[in-house]
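What follows is a set of notes on a single structure, which appears directly below.
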Amino acid sequence: MRAIGDRNVALVALATALSATSVPALAQTDTPTTAPVEADVGDPLDIVVTGQREAEIRAIDAKRAANNIQDSVASTDVGKLPDQNVAEAVRRLPGISVANDQGEGRYVIIRGGDPNLANVTINGQTAAAPEPEGRQVKLDDIPSSLIGSVTVVKTLTADRDANAIAGQVDINTLTAFDRKGTFFYARGAYGLNDLSDRKPYEGDATFGTRFGANRDFGLVVSGNYSRRPIESENVQGSVNYRVLNGQVVPDDFRLRDYNLTRRRYGAVANLDCRPSDDTQFFLRTLYSVFKDNETRDQFRIALPGARAANGSGTGIFNQVGDTASFTGGRATRFVRRRIEDDDTLTVQGGGKLGLGGGAKLSVEGTYSKATKKDPLRSEFQFRTGNSLAAGVAGTIDLSDTLFIVDPTGAPNRSYDPSFFSALQVNYDRRRAKEELYQGRADIEIPLAFGDDTVIKAGGKFLRRDKTNDRAFQQNDLNGFNLSVAGVNDGLFLYDGRYRFGPRVDYDRAQAYVTANPARAVFNRRPRSPTA
């Protein structure tokens, strides 16, 4: 199978930053910054680029100072790039890739490891995972503008959670003590999707300040909202090629058109109190929402090459070189409507206390919740017959790996909605929820061997409650065809290369079934939902 990738929106961003600090520091990193590099501005041939150098220097210094293998990215880097979420910010680091959905990063992959084997933390505590069938964390739920820094740890030390088999992603939100003085950042972006002619936009703002008699209190609030309409085209060739009369022939061909709108919004509020270097208290809160409303149209042709031999089945497949013809194929038209609604909440409190002699005690408590709701995941199917008398016919150009099917053979049933009989409709609803209750205490005692030699001990409590409620229903349809539920808008994919033909209009199909309940019969032994 080979698929032509999705086309994605290009954003033109306008960013402004008003800050009382000169150079931001990497969030939750005590590594000193390196002095800026001087440039000879007298030579007009010199080109000096300094936009991201300072942040990269801090990340490299943090990597050198760490006693394990890790890489970091700061919020200042994220803000300069059109990253939609945390996953897209992380994938810029070496050795990191992500699993994508509709061109956006979703699950982090550390050195090729399964995302289920990577631990994700928010401000040092394990993040809740909304996925009902695994423990991988959907990083596209968290807008990139809400983070202060992200560190990917590739080798573990003894003070990290044991479930980070493939590594750990530490997401840290910004605190007022990560900057000097009062600061404010605002950013806006607006763009155009050239495929759908729809316009995405987003905006975020962050404010932080320190106050009190000795400026030992700090407050940061940050908010984000984005709306991104997406249309993408997808073409899939055959999964299983068969040997037929000495020729290797395909058995399947699919066209898909996706139309969806994704919205993200969230907020961060952090409060700190640091009356001295040895005494610190904090409260961290993060809330994020991800909403996805998608309609997927699909046109599938099951080619008769899947049968044993020419003439022995109900279809015929003839091939000469790179050209083939077929009769008795089966065409199916689908429409899937999917609504997804995710939200994540994390509340953390704790502090650090000096015990004298350089010893330190750290105590933290965290409640986190992630909910994934699919209020609707429904699909209608209409299909033709697959015999010589009722199937579809056409030609195939096999000169390219991603071959072209032209199902316009006589009689031309592929684009006539009256030949597509209603087959089935399914309704799939689900609600998954995970709640984490965590507590942690660590004590660090320096030894006499040197400033960097310490002994550290601690304990952690974690309770994970996960539920997954799902209701799936399938109805067999009868007595009507696509003529009462279709729409033909002349859609072609990839600049006219592939003709799609009439789509199934979900609202019209559902309205017809609602008005004619006898046309839908409950199936007590349903087939599995299509991919």
Side-chain angles (χ1 to χ4, degrees), residues 1-7 100-103 195 230-242 248-260 294-307 315 317 324-338 377-386 391-409 412-417 419-426 482 486-506 509 527-531:
M1 179 178 67
R2 178 184 173 195
I4 296 180
D6 301 336
R7 303 188 200 177
N100 291 329
D101 180 70
Q102 292 296 333
L195 189 61
I230 301 172
E231 181 178 0
S232 62
E233 300 172 346
N234 177 267
V235 179
Q236 295 185 0
S238 182
V239 176
N240 298 310
Y241 281 77
R242 307 293 178 89
V248 180
V249 300
D251 71 336
D252 195 47
F253 183 76
R254 303 189 186 207
L255 303 175
R256 291 175 177 175
D257 182 62
Y258 294 82
N259 282 275
L260 60 145
E294 174 186 298
T295 298
R296 184 192 73 179
D297 296 286
Q298 181 178 185
F299 176 35
R300 177 189 180 189
I301 301 177
L303 302 170
R307 298 175 177 83
F317 194 104
S325 63
F326 66 92
T327 57
R330 166 167 278 171
T332 307
R333 295 189 179 274
F334 309 76
V335 63
R336 186 180 72 182
R337 178 72 57 82
R338 182 179 65 85
R377 186 184 178 97
S378 177
E379 185 173 63
F380 279 89
Q381 295 186 33
F382 293 76
R383 74 179 183 185
T384 68
N386 65 339
V392 299
T395 59
I396 308 176
D397 182 356
L398 296 165
S399 60
D400 193 357
T401 302
L402 189 54
F403 51 90
I404 300 177
V405 175
D406 181 14
T408 57
N412 186 358
R413 300 185 176 99
S414 298
Y415 301 115
D416 188 340
F419 284 97
F420 288 82
S421 300
L423 176 63
Q424 69 181 36
V425 58
N426 60 60
L482 189 57
V487 58
N488 193 350
D489 53 5
L491 176 66
F492 282 83
L493 304 188
Y494 288 94
D495 300 323
R497 181 181 174 96
Y498 303 100
R499 180 184 176 187
F500 197 93
R503 309 190 197 203
V504 183
D505 187 306
Y506 183 90
R527 292 177 285 268
S528 299
T530 60

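This one's a predicted model, so the numbers in the text were calculated from it and none came from an experiment. Along the sequence shown, residues carry numbers from 1.
In this structure, CZ in Phe420 is found 9.0 Å from OH in Tyr415, a value given to the nearest 0.5 Å. Atom-to-atom distance recorded for Ser378:OG and Asn426:CG is 6.0 Å, nearest 0.5 angstrom. Remark: Asp505 CG to Asp297 CG distance equals 9.0 Å, nearest 0.5 Å. Annotation: the span from Arg499 atom CZ to Leu491 atom CG amounts to 10.5 Å, rounded to 0.5 Å. Atoms CG and CG, from Leu482 and Asp416 in turn, are 9.5 Å apart once rounded to the nearest 0.5 Å. A distance of 6.0 Å separates CG in Leu303 from CZ in Phe317, rounded to the nearest 0.5 Å.
Of all non-hydrogen atoms in Pro502 and Pro417, the two that sit nearest each other are CG-CD, 4.5 Å. For the residue pair Asp257 and Phe500, the shortest heavy atom distance occurs at N-CE1, 4.4 Å. Nearest heavy atom pair, residue Ala509 against residue Val504, reads CB-CG1, 4.4 Å. For Ala324 against Leu398, the heavy-atom pair with the smallest separation is CB-CD1, 4.3 Å. Of all heavy-atom pairs spanning Thr327 and Ala393, the tightest one is CG2-CB, 3.8 Å.
Taking the six-membered ring where the residue is Trp, Tyr494 and Tyr498 present perpendicular rings, their angle passing 60° and hence far from 30°. Ring pair Phe403/Phe253 is tilted by interplanar angle, where 30° to 60° counts as tilted.
Without hydrogens or angle criteria, Thr332 side chain to Arg300 main chain gives no donor-acceptor distance under 3.5 Å. Proximity of a side-chain donor or acceptor of Arg333 to a complementary backbone N or O of Arg503 within less than 3.5 Å is not detected. The backbone N or O of Arg337 sits nowhere less than 3.5 Å from a side-chain atom of Thr295 that would complete a donor-acceptor pair. At distances below 3.5 Å, at least one donor-acceptor pair connects side-chain atoms of Ser238 with backbone N or O atoms of Asp251.
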Would you sort out whether Glu233 and Phe492 count as a side-chain contact (heavy atoms from CB on, under 4.5 Å), showing the intermediate values? CA-CA 10 Å; Glu233 300 172 346; Phe492 282 83; over 6 Å; no
Determine, stepwise, if the pair Phe382 / Val335 fulfils side-chain contact (heavy atoms from CB on, under 4.5 Å). CA-CA 9 Å; Phe382 293 76; Val335 63; over 6 Å; no
Apply side-chain contact (heavy atoms from CB on, under 4.5 Å) to the pair Arg336 and Gln298, showing each step before the final yes or no. CA-CA 8 Å; Arg336 186 180 72 182; Gln298 181 178 185; over 6 Å; no
Checking Val392 against Phe419 for the side-chain contact (heavy atoms from CB on, under 4.5 Å) test, could you report, in this order, the C-alpha distance in whole Å, the side-chain angles of both residues, the deciding distance, and whether it holds? CA-CA 10 Å; Val392 299; Phe419 284 97; over 6 Å; no
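Two residues are said to be in side-chain contact when any heavy atoms from C-beta on lie closer than 4.5 Å; Ile230 and Tyr258 fail this criterion.
Taking the charged nitrogens against the carboxylate oxygens, Glu379 and Arg338 have no contact shorter than 4.0 Å, which rules out a salt bridge.
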